[in-house]
Amino acid sequence: MIRKRSSLIFCGAFLFITWNAILVLLLWGRPPQGRDQKEGSEGPPSNVMEDVLRMANAFENELEKQKEILLQIQNHQLLWEPSDKNKPKVTAPHQPVIPILVIACNRVTVKRCLDKLLQHRPSAELHPIIVSQDCGHAETAEMIRSYGNNVTHLKQPDLSDIQVRPEHKKFKGYYKISRHYHWALNQVFKTLGHSSVVIVEDDLEVAPDFFEYFRALLPFLKSDPSLWCVSAWNDNGREGYVDPGKADLLYRTDFFPGLGWMLLREVWEELEPKWPEAFWDDWMRQPEQRRNRACIRPEISRTLTFGRQGVSLGQFFDKYLRYIKLNTEFVPFTKLDLSYLKEETYKENFEKEVYSAPVVKYEDVKQGQLQGPGPFRLQYSSKDSFKLMAKNLGIMDDFKSGVPRSGYRGVVSFMSRGRRIYLAPPPGWTQYDL
Ligand SMILES: *[C@@H]1O[C@H](CO)[C@@H](O)[C@H](O)[C@H]1NC(C)=O
């Protein structure tokens with residue numbers, strides 16, 4: 001490449017200098033020549049005016065030719081530049097690179113995660129896959145290595161034991177996960193210099209439109225300070241609890257869902273100095289970190305968790321996570337109008353939709369005795385009443401820092417026997433009760 005470029009520039013310069021040399025010779029030689037011709041053909045000696053005009057014409061022609069040569073040199077450079085792999089000038093402004101960070105430890109089943117990522121990835125250049133491995137597990141390392149250049153394999157170097165207080169001994173895994181996230185995200189943003197990332201864990205399988213979803217939402221995340229993440233996960237996304245005809249539907253949520261989520265460098269720079277020693281996800285859900293910001297999440301999950309031994313998922317896996325429905329239909333998100341997700345528009349429409357829906361009784365929802373197509377509003381007045389109804393209706397019943405899973409302004413949206421239900425606080429909601 002470098003050689004080709006130098007020789008091109010050299011050729012251009014050579015042509016340019018040669019042409020100038022010819023031009024100088026021509027102009028030196030021309031007037032007497034012209035005079036000779038004139039004297040020979042017309043007899044009378046030429047006057048000064050004619051000479052000057054002829055010279056001016058000659059000059060004009062020479063300049064025109066020089067301009068052509070310069071344009072040709074410029075065109076050669078333009079043709080040559082986009083093919084330079086070190087400077088992807090043409091693609092950069094319109095095609096942001098969003099790397100995928102896979103958090104791995106000691107599960108060889110990371111294969112399922114990587115195979116699906118590689119299967120659905122639209123471009124290796126736009127979505128480099130970075131596998132960060134903690135735990136030093138040889139078999140898992142071998143598995144990751146078998147992907148060769150198709151993934152970047154990073155190894156968390158600090159495998160030392162972590163001292164925790166005695167009552168936290170059983171939570172040591174959470175401390176190691178937190179240390180690993182801290183290191184891996186620093187690699188992505190500081191060492192590799194990326195400006196965004198999508199984080200997945202080694203027990204997640206991604207949907208066909210996983211990449212399309214994040215590509216479409218990146219501009220929203222970048223331009224809207226009331227957002228701080230985009231997640232592929234719906235906490236209440238079990239079969240029967242989502243509308244299968246609404247694969248394109250997206251929500252804002254005050255709950256940080258994790259499980260396949262996009263983070264920007266600016267947010268990482270804000271969180272990194274105070275990153276916690278353990279329980280990073282619940283820490284992110286605290287008001288000091290969240291600062292009233294929302295995430296975007298889909299109606300139908302774009303990730304599915306298949307792992308069982310996951311430190312953080314064990315408690316919920318059997319009851320909820322294993323039944324989460326993975327989207328199968330490709331939704332062309334980058335071609336859809338997603339302006340309904342803008343904060344003011346969304347808030348207004350959401351409140352209108354929820355609070356204009358008729359209020360129904362819990363028993364009627366439970367027993368499937370609702371009349372009409374819906375949507376319906378089911379009101380809760382306290383955390384306890386929320387928990388009771390949620391548990392009995394089969395949706396997640398826990399709160400983190402006062403926010404119910406998948407909730408937006410206290411409202412949880414789900415399907416029950418084919419009808420949309422909004423489990424909602426009374427009208428006039430202002431803030432979460434910590
Ligand atoms: C990388 O991916 C390409 C395309 O899918 C495949 O042909 C190749 O075998 C892969 N390389 C390794 C080392 O897995």
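FYI, the numbering just counts along the sequence from 1. Order of listing sets the numbers, starting from 1, for every ligand and every atom in it.
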- So which protein residues pack against ligand 1 under 4.0 Å, heavy atoms counted?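 Those residues closer than 4.0 Å to ligand 1 by some heavy atom are Ser146, Tyr147, Gly148, Asn150.
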
- Please identify each residue that fulfils disulfide (SG to SG under 2.5 Å) with Cys113, with sequence neighbours left out.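 Counting only residues at least two positions away or on another chain, Cys113 forms no disulfide (SG to SG under 2.5 Å).
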
- Sort out for me which residue in Lys391, Arg405, Lys383 forms a salt bridge (charged side-chain N to carboxylate O under 4.0 Å, His left out) with Asp397.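 Answer to the salt bridge (charged side-chain N to carboxylate O under 4.0 Å, His left out) test with Asp397 among Lys391, Arg405, Lys383: Lys391.
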
- Say whether, by atom type as modelled, one donor and one acceptor occur between the side chain of Arg112 and the main chain of Val108 under 3.5 angstrom.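 Not a single qualifying donor-acceptor pair exists.
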
- Do Asp134 and Lys176 meet the salt-bridge criterion of a basic N to acidic O distance under 4.0 Å?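 The answer is no: the pair does not qualify as a salt bridge.
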
- Query: Are Asp384 and Lys387 close enough for a salt bridge, meaning some N to O gap below 4.0 Å?
  - Reply: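 Not counted as a salt bridge, because no side-chain N and carboxylate O are separated by less than 4.0 Å.
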
- Item | Heavy-atom pair of closest approach, residues Val110 and Val102 |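 In terms of heavy atoms, the two residues are closest at CG2-CG1, 4.1 Å.
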
